[in-house]
Amino acid sequence: MAGQRYDEVIDAVPDEEGYVRGLGSRQIQMIAIGGAIGTGLFLGAGTAVSKAGPSLILGYAVAGVVIFVIMRALGELLTYRAVSGSFAEYAREFLGPFAGFVTGWTYWLFWVVTGMAETTAAAVYVRFWQPGIPQWASALAFLVLLYAANLISVKLFGEIEFWFSMVKVTAIVGMILLGLGVLLFGFTDAGDTASVGHLWNNGGFFPAGVGATVMTLQIVMFAYLGVELVGVTAGESRDPARTLPRAVNTLPWRIALFYVGALVIILSLVPWQEFAPGVSPFVAAFEKMGIPAGASIINGVVLTAALSSCNSGMYSTGRMLRDLALCGQAPGRMAALNGRRTPAVAITASCLLMGVGVLLNYLAPAKAFEYITSVATVCGLWTWAVILVCQIRYRRAWRGTRLPPPTFRAPGGLWPSGAALAFLFLVVVLIGIDDDTRISLYVLPVWAALLALGYALLARRRPEALRGPDRDPLRAEDGHL
């Protein structure tokens, strides 16, 4: 063993959960970056710009601050105890068994419905090049390929996500550099009209009013969904105490560059009135510059973003479902690991449900995609709220000397977490006001009723399962604080 590298030894040794810590710093950093870049930016921003104009930039900046608060809160919890399925684990410990049960299953649902939407979206993007290929065939092919990759090893998942993220990052950085060149030197077809004055000359920075900007916050928050994925990777990171804080601390510049920076450039190249719902702002910018292959390039990038999201969904659902099984809150077979230390049964069950979603999206009207993503948004908001509340409870516990202090503390004390919770509540209210997204608030009571029924049955048949596994001696004796 003397000639082996340290990370190779770590790769070969399962941890206390049975996983192999096969994700290195390079992969964790790119997973964190890729989690903040998805179809919400590449496609959703077009709809938001058409509604709010240049003020959308401010919306992304404000929401980005909230996301940073959430991620610093998560970082604080992760350095206290880094486990796979962390959101449900923290909810069990700090909020009680019911909150853990709800959080685990809701986060699992979040990625299942996201996988449904993204596989269908990926198939639609393929038809841009090959309209003769049936949509269901492309969706099925992508689902099978990503499913196989997730079964092989966590290291392969990390490599795929690394390169998916690299494509997205390269596309945005290239767009920003090219746009800066147009603004500074006036080349391409957009050189004569491009100007930063587009940000305030066409009706002002708030052309539709402040209220319209506030209403787009729900679209903005959907774009940030998945940024918390780095927390799910905690149980399979080689050195979580070092790599996870580093990934969280780089979030502000990622948001500033990929969201705020990209939108400033795009809206300087193309007046906001020229954007339309459902049209990628990146495609519009390339068309304005007269780059012939621009549409194909961006279509490839958007396809990558969809596959990246689906890939992350398979990873997350498998780990979360296995965590629930380890707690006795899901069928015991879901806890099984294959020879490569991946939760094969849990991944398979989740992928089968994603496959049903592909069929439903193929048969359902176009609105089905919007309905699914709105449900995913509310599920994501629940997860973020749980992270914040658990961090608040954890802070009170270590200040009272009941738990050790974190090695990675969130700045500002408790008030930023409280403000972020208020912001998330505002977004839920906005979802209820909007006619197109309100359906998610109709679906959630049904989901809540199913969870309450499942919890009641579990409490009667296996009450010991509600406490979850006692993985840490510092856990409060009654399962919560």
Side-chain angles (χ1 to χ4, degrees), residues 17 21 23 25 28-29 31-33 35-36 63-96 99-100 103-104 107 224 226-255 316 319-320 323 380-424 468 471-476 479-481:
E17 297 178 275
R21 294 189 178 271
L23 295 177
S25 176
I28 291 294
Q29 292 295 323
I31 289 172
I33 293 173
V65 172
V66 174
I67 292 297
F68 179 61
V69 171
I70 294 170
M71 291 303 294
R72 282 300 297 255
L74 177 59
E76 193 169 283
L77 292 166
L78 287 172
T79 56
Y80 154 60
R81 196 157 62 91
V83 292
S84 183
S86 56
F87 313 128
E89 272 292 285
Y90 300 140
R92 289 186 200 107
E93 178 169 354
F94 295 107
L95 302 177
T103 300
Y107 195 68
Y224 285 118
V227 70
E228 76 293 327
L229 178 64
V230 68
V232 183
T233 67
E236 294 169 275
S237 303
R238 291 189 188 124
D239 188 4
R242 181 174 61 89
T243 58
L244 296 179
R246 183 183 300 173
V248 172
N249 278 335
T250 59
L251 186 65
W253 72 259
R254 297 200 309 264
I255 291 173
S316 299
R319 272 65 182 176
M320 193 59 67
D323 182 74
L381 292 175
W382 170 268
T383 301
W384 290 341
V386 165
I387 291 171
L388 292 168
V389 175
C390 287
Q391 184 248 358
I392 291 172
R393 299 295 297 273
Y394 170 53
R395 278 221 164 202
R396 291 173 178 169
W398 66 256
R399 283 177 176 174
T401 69
R402 285 180 288 168
L403 291 176
T407 57
F408 179 63
R409 296 186 185 183
L414 296 179
W415 74 264
S417 297
L421 278 172
F423 183 88
L424 296 182
R471 291 175 176 163
D472 195 287
L474 295 172
R475 193 185 197 87
H480 58 88
L481 295 175

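Numbers here are sequence positions counted from 1.
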Undergrad: Under the rule for salt bridge (Lys or Arg N to Asp or Glu O under 4.0 Å), what residues qualify as partners of Arg395, not counting sequence neighbours?
TA: Glu76
Undergrad: For residues 408-423, which residue pairs pass the side chain to side chain donor-acceptor pair (under 3.5 Å) check, not counting sequence neighbours?
TA: Gln391-Ser417
Undergrad: Between Gly418 and Ile392, what is the shortest heavy-atom contact and its length?
TA: N-CD1, 4.5 Å
Undergrad: Closest approach of Arg399 and Gly413, non-hydrogen atoms and distance?
TA: NH2-CA, 4.3 Å
Undergrad: Should Leu74 and Trp384 count as side-chain neighbours, where that means a heavy-atom distance under 4.5 Å?
TA: no
Undergrad: If you measure from CD on Glu89 to CZ on Arg81, what distance do you get to the nearest 0.5 Å?
TA: 5.0 Å
Undergrad: Phe423 and side-chain contact (heavy atoms from CB on, under 4.5 Å): which single residue from Leu381, Val69, Val66 fits?
TA: Val66
Undergrad: Tell me, please, which residues at least two apart from Phe68 pass side chain to side chain contact (heavy atoms under 4.5 Å, CB included).
TA: Arg72, Leu251, Pro252
Undergrad: Determine whether Ile255 and Val65 make a side-chain contact, defined as any pair of heavy atoms from C-beta on separated by less than 4.5 Å.
TA: no
Undergrad: To the nearest 0.5 Å, what is the distance between SG (Cys390) and CG (Leu95)?
TA: 4.0 Å
Undergrad: Do Asn249 and Phe408 have side-chain heavy atoms sitting under 4.5 Å apart?
TA: yes
Undergrad: Can you measure from CD1 (Ile70) to OG1 (Thr383) and round to the nearest 0.5 angstrom?
TA: 10.0 Å
Undergrad: So do the side chains of Arg92 and Asp323 get within less than 4.5 Å of each other, counting heavy atoms only?
TA: yes
Undergrad: If you define the side chain from C-beta out and look only at heavy atoms, does anything of Arg393 sit under 4.5 Å from Glu93?
TA: no
Undergrad: Does some side-chain heavy atom of Trp398 sit less than 4.5 Å from a side-chain heavy atom of Pro404?
TA: no
Undergrad: Test Tyr90 against every option in Val386, Val389, Leu78 by the side-chain contact (heavy atoms from CB on, under 4.5 Å) rule and name the one that passes.
TA: Leu78
Undergrad: So does Phe94 get a backbone contact from the side chain of Tyr394, meaning a donor-acceptor N/O pair under 3.5 Å?
TA: no
Undergrad: Between Ala73 and Ala410, which heavy-atom pair has the shortest distance, and what is it?
TA: N-CB, 4.3 Å
